[in-house]
A.B. asks: 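Questions regarding the structure given below will be posed in turn.
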Amino acid sequence: MTELMPAEGVFSLIWLLIALPLAGAVILLCAGRRTNSWGPYLGVLTVSASAVLGWVMLWEMLQVSPEQRTVEQNLYSWLVVGDFQADMAFQLDQLSMVFVLLITTVGALIHVYSIGYMSHDRDRRKFFGYLNLFVAAMLILVLANNYLLLYVGWEGVGLASYLLIGFWQYKPSAAAAAKKAFVINRVGDVGLSLAIMLMFVTFGTVSFEGVFGSADEASQGTLNAIGLLLLLAAAGKSAQFPLQAWLLDAMEGPTPVSALIHAATMVTAGVYLITRSNAIFDIAELAATAVIVVGVITVFMGAIIGSAKDDIKKSLAGSTMSQIGYMVAAVGLGPIGYVFGIFHLLTHGVFKAGLFLGAGSVMHGMNDNVNMRRYGALRTVMFITFITFAAGWLSILGIPPFSGFWSKDEIIHAAFEQGVVVGVLLVIAAGITGFYMTRMFIMTFLGKARWEEGVHPHESPKVMTIPLIILALGSTFLGMALLFWGDIESWLEPVVGFESKPAALSTAATIAISLTVVIMGAIVAYVMYWRRPVPIEEPRGSWLTRAAREELYGNQVNDALVVKPTYVAARATAVLDAKVVDGVVNGSAAFVGALSTRLRRYQTGFVRSYALSMVGGAVLVVLALVLVRAS
Amino acid sequence: MNPANYVLLSAVLFSIGAVGVLVRRNAIVVFMSVELMLNAANLAFVAFARMNGNLDGQTVAFFVMVVAAAEVVVGLAIIVTIFRTRRSASIDEPNLLKY
Amino acid sequence: MNYPWLTTLMVVPLVGSIVVALLPRARGVLAKQVALLFSLVTLGLTIAVALQFSATSAERFQFVESHPWIPAFGISYSVGIDGISLVLIALAATLVPIVILAGWNEADTAAGGSVKGYFALILVLEALMIGVFAATDVFLFYVFFEVMLVPTYFMIGRFGGPQRSYAAVKFLIYSLVGGLLMLAALIGLYVVSAQVTGTGTFDFGALVGIEIDPDLQKLLFLGFFIAFAIKAPLWPFHTWLPDAAAEARPGTSVLLIGVLDKVGTFGMIRYCLEIFPAASEFYAPIVIALAVIGIFYGALLALRQHDMKRLFAYSSMSHFGFITLGIFVFTSQGQSGSVVYMVAHGLSTAALFLTAGFLIARRHGSSLISDYSGVNSVAPVLAGFFLVAALSSLALPGMLSFVGEFLVLLGAFERYLWVGAVATIGIVITAAYVLRLYQKTMTGPLKPGLEGIGDLKGREVTALVPVAVLSIVLGFFPAPLTDVINPAVDQVMTSIGATDPEPEIRSAGATTEGGSS
Amino acid sequence: MTEFTPPEINYYAIAPILIMFGAAIVSVLVEAFVPRRGRRPTQLVLVIGSIVAALAVTIDLRGTRLVTGAGAVAVDGPTLLLWAALLVISLLGALLMAERTIDPVGDSFAPRASALPGSDDEQQFARRGYLQTEVWPFLLFAITGMLVFVAANDLLIMFVALEVMSLPLYLLAGMARRRRLLSQEAALKYFILGAFSSAFFLYGAALLYGYSGSVGFVAISDALTAKPSEGTLVALGVALVIVGLLFKVSAVPFHQWTPDVYQGAPTSVTALMAATVKIAAFGALLRVLYVAVGGLRWDWTPMLWIIAALTMLVGSIVAISQTDVKRMLAYSSVAQAGFILIGVIAATPEGLASSLFYLIAYGFTTIGTFAVVSLVRNASGEATSMAAWAGLGRKSPLTAAVFSLFLLSLAGIPLTSGFVGKFAVFTAAIASGGTWLVIIGVVASIIAAFFYVRLIVLMYFAKPTEDTASVAIPSAFTTIALTTAAVLTIALGVFPQWLLDVLEQAGVFIR
């Protein structure tokens, strides 16, 4: 365990990292429409300031020895009841530093891009407010020093995601998608809350320091339970099987949102959570295995869905699922994988953001049409978009020396070190990646134009292309930079305890195998989508294609297993409530009423009948007395 | 004769009076039945006075007679008023107040 | 501190109600202004009391006043507050001016009663609400508990929807059933206290200590508990609530559900637990079962309501399940959480009902969900507040309700792992029904007929802002609440002889307060 | 021949009785000799003056505790308290009876009770503005009877008092100006059944006399201690005496006269009767049960237990479906009798005190209730049909508020006298082991709340219709009565301690 350093110097401003975008959000959301003119710039400014601050902190951090790079800033005691304590306290270490930079930098770029993308929206200040809110929440998530505060960020990003997916609320589909995302995420949140509770019951604390410090004293069963609950949480946020169904619908949101939240940052929170909890997963073997299984399943699901979708954003979303699956599988591998999981997370964050923004740029030029069957031959009319997209494409394929190559290859390599099966599966998935990304690239930029009438594709304004260029540069060089110059392995080592094991397969062999498979995938795509004309109407396709278009029936399964039963239960409860619970109440009232009308009939109005009941009463009184007396 | 028999007789008279109230329809007769019950009580008082060997019971009987007389006055007044209104002395007929 | 602060707190709104009632009928606006003024004065006084309240005092009850009232039955006018009462009084004092402001025009169109009547009733109710939380004599508590019914009854019955009379009667009869059962138990308690101590008493402090035969305790406990369960309302004693909430004016509903119903849960923690510890322990599993059923039952019913106000009612039922759960798991987290939850729920209920009320008033009183769609595009501020209210209701972290809900679940989990785990699942359904409502009403294409409804006006925003701000600010800084609640809860825990379960591993990083024992 | 020694009589101790009795006789003379024009003022002065005088003496007598008239009359704490209550309530009742402004035709009594309803004869009387003033001697005699009734310490005096109290009331019940047929019917039923029940009482008295050799309560009580084994005779006697008294308190199944008479009698008479007869009869019942047959407590408790339960339940349940306000209040008074019986059964000093408290509280509330009923009118006189009360709260908020107060008191809502009364009797009952009876009482209270609340609902929550009655503006008579009742209803609810103190000082019955 590294020692916590008090927050001094520039680190005393950790809170400001969060406060800046938060202040932006508050101003933009409360001040109303009058901020529409300058609001976007305020949004960009606050996030950029955070980014600058983040880089300054990195610089400062590099000045001290690796053991001293964990800084803690405790603002105040947030929640203290009995033995339970959760502080409003932040912990900046190597892992959170990485995330801070990713979030603020990519966030700033996407903010800039959004100025152009959203320039005509009458609620754009709201959009920037939400984005700022998201950045603030995400920073809370990665900077928290305890699980409860992490949970605040966790649901905070969920809220921001909800708001942004449903940004175009007047579209029923957007509103429905937003709700769906939030509700499915809540399932994951249940996992996180239960994990937090279990930690408290086990360790008596929910701070990272306290939990990790005594993780090795807890039983396997408990740790596995915590691990599985955390995995559930991660699955929700990172759209991993079985909670993957929301991510594709989430593409209803504006494209910058998809880039920032549903590709680069928020969806990787699950990876962060597992990496952060490495002390638990290192011991909890069952949970770690489950992480790998979930990751691998999702890698395939995402890839298969991505291969079939004609909607460029949904195809990219499938890809995101799949890539995060890689990361999850990586962090499930244990100490060997954490670094590469995070490494891939960073490179993916950059190149996928670039890809999404590229897609957004394409849509911008195509009147917001997302159907790739109506694209084609855009390379000339949108040259910058084409080039930057190509960088992202090569990067995700893992073609050297693009960023994705370094990180993905390391994951596959590590998987082989752990066991052949996982390694082989990941390589096959890499092939599928090669297929669907090439398919997307060809259908969009190459081949013949299949544009709808009246569409005049054009390159996007500078405010959009400059972020694209920056991200493309990142897609190209970031991997190398991080690996060779940034030395990410040793950078993260104090946090995740990186270790290198003797490999089952040499590095060269791994590279060779995966490159071959990827290129095979790309060739299949080339044959199918460049050599043959792309039909404007989607063909019926094989059963696998149809299933993939249906997102592998995830929604249907959810409906059948969860939604329908819930509504049936609700209906049954309603009947129970009306007929039984309320029925008893109204029934007893009715009973008394009926008894009353019955009894009043005995009041006949005839004196003699009154006298008779008196006599009867007298007889009974006499009998009662005599009997009691006699007994 | 055993005074207890007078008590029994009074009980019989009381019962006859009570039954009379229950079965007769004419208000006057009903009223007479009530008077019979009062007198049954009187008989019992007198008989008990004899059995107990004090005069209290007999004194009571005198009071009861006075009270009964007063009751007759009031009762007949009411019955006659009703009769004048309804031209009937049936006590089943005034039957507007019920339920 | 000899000044009778608490009595003043009750007298001020009472005087206000008399003043309002005496105003001429035609001066409706003046009546509102006077009512608002008095409620604000009360709020100011409450703040003054809160500032003088010492969280660290050794005395359990502060601002104590005690005068004999009916010595023949050992009854005294005794008031005093601990942390729990303080926050609930503060809640009441906060919500009343908000309700008055929000309900400015509510009574104008009322079929049943005069404008000034509505506001006079609100002020009477405020006095009684403060009294019920401040009473430290069980009989005095009972008196406030029952008398509160009268103004509430008139508020529902005179100023409500078309079915208001049915709803009011149902509310009253339900409450009276509970109240009379409690009366029987109350008398039983008095008789027992007379047998044990020689002279019967209703003094709470004296009653806490006395030994009651366990079997008798169980009976007496039931008398109190059912009364509180009806008020709270706990499953299956809840069916009055949807009707009352659906028919009452939004302001009435806010006070009814936001504050009045808290008397039920307050009563459980204050009276059921402390006076009948053995019985509480005996019944805890049953109560917990009812609470958990209530959580899901309310949530499921909320999921399929077509009427907004009924939806809120069922959601409140679900929330009351959480609160009750927290109380009966006998952990300090659970109980503190419950009290925090009571406050949070009061605020979120206020936000929900008032916002929905503003919306409903713009559509001539229809509260059917299907009558609304896409409101966000014409009334974004309204939609924004509605969202904040909805998020508060689903206990989003950062909101005060999260603090309460999490602590309750944590407390439950500590004691009964599976109960806590199962109850946690409830948060998913909560999210589902809250967001379903938001989705159906605020988003989507604009429903024809809603074009001209207009956004919130200054008065309406003024009423909502404090609620929203309090919900969020206290969510991040709950210390003002927890600091005063914790000592009171510790007292309760001591009274019932319960201690928090120890964690499996004493971590080095954990707080070691009291941990060495 | 033994020498006759006249019994010693403490005349001052029974002065209230004597004052009322004297006033009653004077009142008869006034009827006979004072010219028609002057009768009403004279009678009013006489009635009010005598009641106030009697009340003053009663207050002066406080602390007295003696048996006088050869053991026939007991003047003790409870007696004095009951006297005071009876006198005050009678005064209020007298004020109600004196009211003549609310009905444009005159007061609420038939100008000539013996005249045929609607006959020329009657109309002539009405035209000339003749007023019935016979009601005043009747009232005074009834009050005299009640005072004696609660002080009677032997069965004979009790019987005579019962009749002196009842006979005038039978007549008063039949004197309504409007709805003569109903009124006469009420009188007939009241009379027949009343006489019937006094026959039971008397025969029971005879049997007890046969058992103990005396009609004195103390002697009966002593006999019970002396020869506890002889069962049947005494059981029969006690049973019949109790039946006679239960009739007067209108306990089920001896209650059936109540609704008919309460509905048919003139409302002011109903008000008086409902409040005072209940008090007097319970006073007598308590004395019989506690003093004479207290030794048999374990024998009569189960029987009374059942009667109490039935009374509460039947009264409450049947009241629910009533459509006439007066009739509903009559059933409510049946139910209330059941609640008082709970306190009676406790058979402890607390039971006595709580029953007395309840009685007094009930008396004031009831007279107030009926006073309001007498004000709510439409073209044909009092509007007792519930439909006519719809929306009254809107038309006459003050009247409706006062009436609601009384209803809430009857329902037992805290801060009203009814609640304290209920609380007191329940406490006494639980302390003496009557928990289950209290639980039945709670159930009955819940049912009862239903119909009290229904009336409030009707007044406040319903819209006024064309049929809605209007509230007459009363003269000072009714206003005073109503205000006193309302003030006492609240005062006894909020500050009951002074009455509880008085009750404690009053102590128990003298033996």
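Being a predicted model, the structure only gives us computed values, none of them experimental. Below, chains carry the letters A, B, ... as their sequence lines are ordered, and counting in each starts from 1. What you see below is based on every heavy atom in this structure, not just the backbone, and it leaves out hydrogens, waters and symmetry mates.
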A.B. asks: Who wins among Lys180(A), Gln169(A), Arg571(A) for the most heavy-atom pairs under 4.5 Å with chain C?
C.D. replies: Gln169(A)

A.B. asks: Does any backbone or side-chain atom of Lys440(C) lie under 4.5 Å from a heavy atom of chain A? Answer side chain, backbone, both or neither.
C.D. replies: neither

A.B. asks: So which of Val206(A), Val584(A), Leu198(A) has the biggest tally of heavy-atom pairs under 4.5 Å with chain C?
C.D. replies: Leu198(A)

A.B. asks: Relative to chain C, which segment of Ala572(A) carries a heavy atom at a distance below 4.5 Å: side chain, backbone, both, or neither?
C.D. replies: neither

A.B. asks: Counting heavy-atom pairs under 4.5 Å to chain A, which of Leu391(C), Val403(C), Leu407(C) comes out on top?
C.D. replies: Leu407(C)

A.B. asks: So, taking the atom named CD in Glu155(A) and the one named CZ in Arg186(A), what distance separates them when rounded to the nearest 0.5 Å?
C.D. replies: 4.0 Å

A.B. asks: Is the distance from the ring center of Phe203(A) to that of Tyr147(A) below 6.0 Å?
C.D. replies: no

A.B. asks: Under 4.5 Å from any heavy atom of chain A, what part of Phe476(C) do you find: side chain, backbone, both or neither?
C.D. replies: both

A.B. asks: If you compare all heavy atoms of Leu446(C) against all heavy atoms of Gly374(C), which two are closest, and at what distance to 0.1 Å?
C.D. replies: CD1-O, 3.3 Å

A.B. asks: Heavy-atom distance under 4.5 Å to chain A: side chain of Tyr433(C), backbone, both or neither?
C.D. replies: neither

A.B. asks: Taking all atoms of both residues into account, what is the closest heavy-atom pair of Ala178(A) and Gly166(A), and its distance?
C.D. replies: CB-N, 3.7 Å

A.B. asks: If you tally heavy-atom pairs under 4.5 Å against chain C, which of Ile196(A), Thr566(A), Asp582(A), Val183(A) wins?
C.D. replies: Asp582(A)

A.B. asks: Examine whether an atom of Val585(A) lies under 4.5 Å from a heavy atom of chain C, and if so say whether it belongs to the side chain, the backbone or both; otherwise answer neither.
C.D. replies: side chain

A.B. asks: Which bit of Trp240(C) is near chain A, if near means a heavy-atom gap under 4.5 Å: side chain, backbone, both or neither?
C.D. replies: neither

A.B. asks: What are the two closest non-hydrogen atoms of Phe208(A) and Gln91(A), and how far apart are they?
C.D. replies: CD1-OE1, 3.7 Å

A.B. asks: Go through it in stages, so that I can follow the logic: the residues are Phe296(C) and Ile425(C), the test is side chain to side chain contact (heavy atoms under 4.5 Å, CB included), and I'd like the CA-CA distance, side-chain angles, deciding distance and then a yes or no.
C.D. replies: CA-CA 9 Å; Phe296(C) 287 95; Ile425(C) 296 171; 4.2 Å; yes

A.B. asks: Using non-hydrogen atoms only, which part of Phe402(C) is less than 4.5 Å away from chain A: side chain, backbone, both, or neither?
C.D. replies: side chain

A.B. asks: Could you verify whether a donor N or O on one side chain and an acceptor N or O on the other, from Asp577(A) and Tyr314(C), lie under 3.5 Å apart?
C.D. replies: yes

A.B. asks: Of the backbone (N, CA, C, O) and the side chain (C-beta and beyond), which part of Leu194(A) lies under 4.5 Å from a heavy atom of chain C, both, or neither?
C.D. replies: both

A.B. asks: Examine whether an atom of Ser377(C) lies under 4.5 Å from a heavy atom of chain A, and if so say whether it belongs to the side chain, the backbone or both; otherwise answer neither.
C.D. replies: both

A.B. asks: Picking from Val580(A), Leu576(A), Ile140(A), which has the most non-hydrogen pairs under 4.5 angstrom with chain C?
C.D. replies: Leu576(A)

A.B. asks: Check whether Asn185(A) gets within reach of chain C through its side chain, its backbone, both or neither, counting any heavy atom under 4.5 Å.
C.D. replies: neither

A.B. asks: So which of Ile427(C), Thr482(C), Val381(C) has the largest heavy-atom pair count under 4.5 angstrom toward chain A?
C.D. replies: Ile427(C)

A.B. asks: Could you state the interatomic distance from CG (Asp83(A)) to OG1 (Thr499(C)), rounded to the nearest 0.5 Å?
C.D. replies: 10.5 Å

A.B. asks: If you tally heavy-atom pairs under 4.5 Å against chain A, which of His238(C), Met442(C), Met493(C) wins?
C.D. replies: His238(C)

A.B. asks: Do you know the tightest heavy-atom contact between Leu450(C) and Val378(C)?
C.D. replies: O-CG2, 3.8 Å

A.B. asks: Considering non-hydrogen atoms only, spot the tightest contact between Arg304(C) and Ala570(A) and give its length.
C.D. replies: CD-O, 3.3 Å

A.B. asks: For residues Gly334(C) and Val408(C), report the shortest heavy-atom separation together with the two atoms involved.
C.D. replies: O-CG2, 3.9 Å

A.B. asks: Looking at Leu148(A), Thr222(A), Leu29(A), which makes the most heavy-atom pairs under 4.5 Å with chain C?
C.D. replies: Leu148(A)

A.B. asks: For the candidates Ile173(C), Asp243(C), Leu394(C), Asp483(C), which exhibits the highest count of non-hydrogen atom pairs separated by less than 4.5 Å from chain A?
C.D. replies: Leu394(C)

A.B. asks: Which one, Val177(C), Asp500(C), Asn376(C), leads in non-hydrogen pairs under 4.5 Å with chain A?
C.D. replies: Asn376(C)

A.B. asks: Is chain A contacted by the side chain of Ile485(C), its backbone, both, or neither, given a heavy-atom distance below 4.5 Å?
C.D. replies: neither

A.B. asks: Which residue in the set Leu79(A), Asn145(A), Asn74(A), Leu75(A) passes side chain to side chain contact (heavy atoms under 4.5 Å, CB included) when paired with Met88(A)?
C.D. replies: Leu75(A)

A.B. asks: Quiz question: by atom type and distance under 3.5 Å, do the side chains of Asn486(C) and Ser336(C) form a donor-acceptor pair?
C.D. replies: yes

A.B. asks: Could you state the interatomic distance from CD (Glu252(A)) to CD1 (Ile165(A)), rounded to the nearest 0.5 Å?
C.D. replies: 9.5 Å

A.B. asks: Pro445(C) versus chain A, heavy atoms under 4.5 Å apart: side chain, backbone, both or neither?
C.D. replies: both

A.B. asks: Highest number of heavy-atom pairs under 4.5 Å with chain A: which of Ala431(C), Pro242(C), Ser332(C), Gly444(C)?
C.D. replies: Gly444(C)

